[in-house]
Amino acid sequence: MNTDQRPPSWQSRLVNRLVRARMRPYAELPLDPVSLRPKMGRPKSVRHLMLFASGARATHVENCAAHPAGDWVEARDSSENSPVVLYLHGGGFIGCSPQTHRPLVGSLVSRLHARAFVPEYRLAPEHPYPAALNDALLSYRYLLNDLNIDASRIILAGDSAGGGLALSTAMHIRDEGLPQPAAIVTFSPWTDLAVTGQSIDENSDTCAMFAGITIRRAAPLYLGSASPVDPGPSPLYGNFRGLPPILIHAGSDEVLRDDAVRVAERSEAAGVTVEFRLWPHVPHGWQFFPAVMPEAAESLMLTAQFVHRYVREK
């Protein structure tokens, strides 16, 4: 484990306070996905500005038999031979969308000189597990079979719930005998819907975005009738052997810290190459802010270095 011992930047302290002011008032309230969804990703004007600043462009595509609806987000210098990211957005499986995550994905692909497909996977509780997983697998097959993208150029990536979904998707890709992606990138992944991590309670006050009760209330909405220790919704309990290299970045103050720590430990025990790092005093989802926050720019820079070690351009 690589834990950053440097004091947080003043920009990080400021962003942490802003995220806390915006998100913590909702953290201990009962979860109502329908009322929460319109508030996620606001204000739209700032989101558009952040995408523009990232140097990327986004195009929405409608669903068809081959794939769900979603966004293509492309760096301005990407090409047909660039890496392709299958990016699975966060939002607790109950909210957010490809549009809310355009700034983060745009910043990522610009550093990778890449393009990304961000599927609009179905959300809970209307569509509980395995709807999101099935949509992610359908999207992966779309890249392989319909677009003829070599798996050695594909990166599976996601943040929060999307980070856990990326790991579950990778396990199913392996088990189904499909060509495996080059690598997996996860930012603060939610991997344990049994909610057993010590940090759920230990960091309930320090996490800028969530309280422990937020995670406990969200988990059943996605699980439906599935067991919380089923590796499908909870990849922490899955078999990591034979997975591609995994990058995991998380914050030491997050309630989901131990979801990341334990995945790193179990992946390494299974012989998987893992690059894991904890940052102190950063808010959940800090990679959204590379233009103002040195820790976010560093996380994305290290991600780009990781990806280019494993992706073969053809």
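Each residue takes its place number in the sequence, starting with 1.
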Begin with the C-alpha distance, continue with both residues' side-chain angles, and end with the deciding distance and a verdict on side-chain contact (heavy atoms from CB on, under 4.5 Å) for Leu51 and Arg47.
CA-CA 6 Å; Leu51 175 64; Arg47 195 168 74 209; over 6 Å; no

Evaluate the criterion side-chain contact (heavy atoms from CB on, under 4.5 Å) for residue pair Ile154 and Leu144; output intermediate values, then yes/no.
CA-CA 9 Å; Ile154 298 176; Leu144 289 178; 3.9 Å; yes

Any donor and acceptor pair, going by atom type alone, linking the side chain of Ser199 with main-chain N or O of Glu202 inside 3.5 Å?
no

Which distance, rounded to the nearest 0.5 Å, do you find between the OG1 of Thr273 and the CD1 of Ile246?
9.0 Å

Does Ser110 reach the main-chain N or O of Ser54 with its side chain, forming a donor-acceptor pair under 3.5 Å?
yes

One should read off an interatomic distance between Leu178 CG and Ile173 CD1, to the nearest 0.5 angstrom, of 6.5 Å

Tell me if a side-chain donor or acceptor on Ser234 pairs with a main-chain N or O of Leu193 at a distance below 3.5 Å.
yes

Does a side chain donor of either Asn81 or Ser79 reach within less than 3.5 Å of an acceptor in the other side chain?
no

Between Thr169 and Leu88, is any pair of side-chain heavy atoms under 4.5 Å apart?
yes

How long is the span from the CG atom in Asn203 to the NE2 atom in His284, to the nearest 0.5 Å?
13.0 Å

Honestly curious: do Ile213 and Tyr26 fall in one hydrophobic cluster under the side-chain, below-4.5 Å linking rule?
no

Determine whether a donor-acceptor pair (N or O, by modelled atom type, separation under 3.5 Å) exists between the side chain of Thr206 and the backbone of Glu254.
no

Val118 with Met40, same ILVMFWY side-chain cluster at under 4.5 Å:
no

Any Pro280 side-chain heavy atom under 4.5 Å of Asp253 side chain
no

Has the side chain of Arg13 got a donor or acceptor atom that lies under 3.5 Å from a matching backbone atom of Ser9?
no

Would you give the length of the straight line joining atom CD1 of Ile149 to atom CG of Asp146, rounded to the nearest 0.5 angstrom?
10.0 Å

List the steps, then state whether side-chain contact (heavy atoms from CB on, under 4.5 Å) holds for Trp279 with Ser252.
CA-CA 6 Å; Trp279 270 263; Ser252 62; over 6 Å; no

Could you walk me through whether Arg153 and Glu80 satisfy the salt bridge (Lys or Arg N to Asp or Glu O under 4.0 Å) test, starting with their C-alpha distance in whole Å, then the side-chain angles of each, then the deciding distance to 0.1 Å, before giving a yes or no?
CA-CA 11 Å; Arg153 290 198 293 115; Glu80 289 299 313; over 6 Å; no

When rounded to the nearest 0.5 angstrom, what distance separates OH in Tyr129 from OG in Ser168?
7.0 Å

All heavy atoms of Asp205 vs all of Arg20, minimum pair found to be O-NH2, 2.8 Å

Determine, using the 4.5 Å side-chain heavy-atom cutoff (strictly less than), whether Met301 and Met293 are members of one ILVMFWY cluster.
yes

Measure the acute angle between the ring planes of Trp190 and Phe93, then classify it against the limits of 30° and 60° as parallel, tilted or perpendicular.
tilted

Does one hydrophobic cluster hold both Leu123 and Leu138, with members joined at side-chain heavy-atom distances below 4.5 Å?
no

Can you find a heavy atom in the side chain of Ser160 that is under 4.5 Å from one in the side chain of Leu256?
yes

Given a cutoff of under 4.5 Å between side-chain heavy atoms of I, L, V, M, F, W and Y, with clusters grown through shared members, what are the other residues clustered with Trp10?
Leu14, Leu18

So do the side chains of Thr303 and Leu247 get within less than 4.5 Å of each other, counting heavy atoms only?
yes

Just so I know, are the side chains of Trp286 and Asn16 near enough to count as touching, which here means a heavy-atom distance under 4.5 Å?
no

Against Glu275, only a single residue in Gln305, Arg309, His249 fulfils side-chain hydrogen bond (donor to acceptor under 3.5 Å, both in side chains); can you say which?
Arg309

His67 and Tyr142 aromatic ring geometry - parallel, tilted or perpendicular at 30°/60° bounds
tilted

Please check if the side chain of Thr100 supplies one atom and the backbone of Ser97 the other of a donor-acceptor pair under 3.5 Å.
yes

Are Pro98 and His60 close enough that some pair of their side-chain heavy atoms sits under 4.5 Å apart?
no

Can you confirm whether more than 12 heavy atoms, excluding those of Arg17, are under 6.0 Å from its CZ atom?
no

Answer yes if the side chains of Gln99 and Asp71 hold a donor-acceptor pair under 3.5 Å, and no otherwise.
yes

Contact between Val46 and Met50 at the side-chain level, heavy atoms closer than 4.5 Å - yes or no?
yes

Donor-acceptor pair, side chain of Ser12 and main chain of Pro8, under 3.5 angstrom
no

For Pro119 against Leu86, the heavy-atom pair lying closest together
CD-CD1, 3.8 Å

With ring pair (Phe, Tyr, Trp, His ring centres under 6.0 Å) as the criterion, how do Phe288 and His101 come out once you've worked through the C-alpha distance, each side chain's angles and the decisive distance to 0.1 Å?
CA-CA 8 Å; Phe288 270 91; His101 277 61; 5.1 Å; yes

Between the side chains of Ser35 and Asp32, is a donor N or O closer than 3.5 angstrom to an acceptor N or O?
yes

What's the spacing between Phe117 CZ and Thr59 OG1 if we round to 0.5 Å?
11.5 Å

For the student: nearest non-hydrogen atoms of Ser152 and Ala182, plus distance:
O-CB, 3.4 Å

Look only at the side chain of Arg241 and the backbone of Ala270, and say whether a donor-acceptor pair between them is shorter than 3.5 Å.
yes

Would you please test His89 and Tyr121 for ring pair (Phe, Tyr, Trp, His ring centres under 6.0 Å) and show each step?
CA-CA 9 Å; His89 68 79; Tyr121 61 80; 4.4 Å; yes

Which residue in the set Arg262, Arg216, Arg257 passes salt bridge (charged side-chain N to carboxylate O under 4.0 Å, His left out) when paired with Asp192?
Arg262

Leu236 side chain near Asp259 side chain, heavy-atom distance below 4.5 Å
no

Please check if any side-chain donor atom of Tyr87 sits under 3.5 Å from a side-chain acceptor atom of Asp159, or the reverse.
yes

Using a 3.5 Å distance criterion without hydrogens, assess whether the side chain of Ser267 forms a donor-acceptor pair with backbone atoms of Val263.
yes

Considering all heavy atoms, the nearest Gly163-Pro189 contact
C-CB, 3.8 Å

Please determine if Glu295 and Arg6 form a salt bridge, counting it only when a charged side-chain N lies under 4.0 Å from a carboxylate O.
no

Would you indicate whether Tyr237, at its atom OH, is surrounded by more than 12 heavy atoms from other residues, nucleotides or ligands within a distance under 6.0 Å?
yes

Nearest heavy atoms of Ser227 and Pro233, plus distance in Å:
O-CG, 3.9 Å

Worked verdict on Val85 versus Leu112 for side-chain contact (heavy atoms from CB on, under 4.5 Å)
CA-CA 9 Å; Val85 180; Leu112 295 177; 3.8 Å; yes

Looking only at heavy atoms, the pair that brings Gly158 and Ala166 closest together is N-CB, 4.4 Å

Hydrophobic cluster identity match, Val229 and Leu221, side-chain contacts under 4.5 Å
no

Any donor-acceptor pair under 3.5 Å from Arg24 side chain to Ala208 backbone:
no

Please determine if Arg37 and Glu126 form a salt bridge, counting it only when a charged side-chain N lies under 4.0 Å from a carboxylate O.
yes

Does a salt bridge link Arg217 with Glu28, judged by any charged N lying under 4.0 Å from a carboxylate O?
no

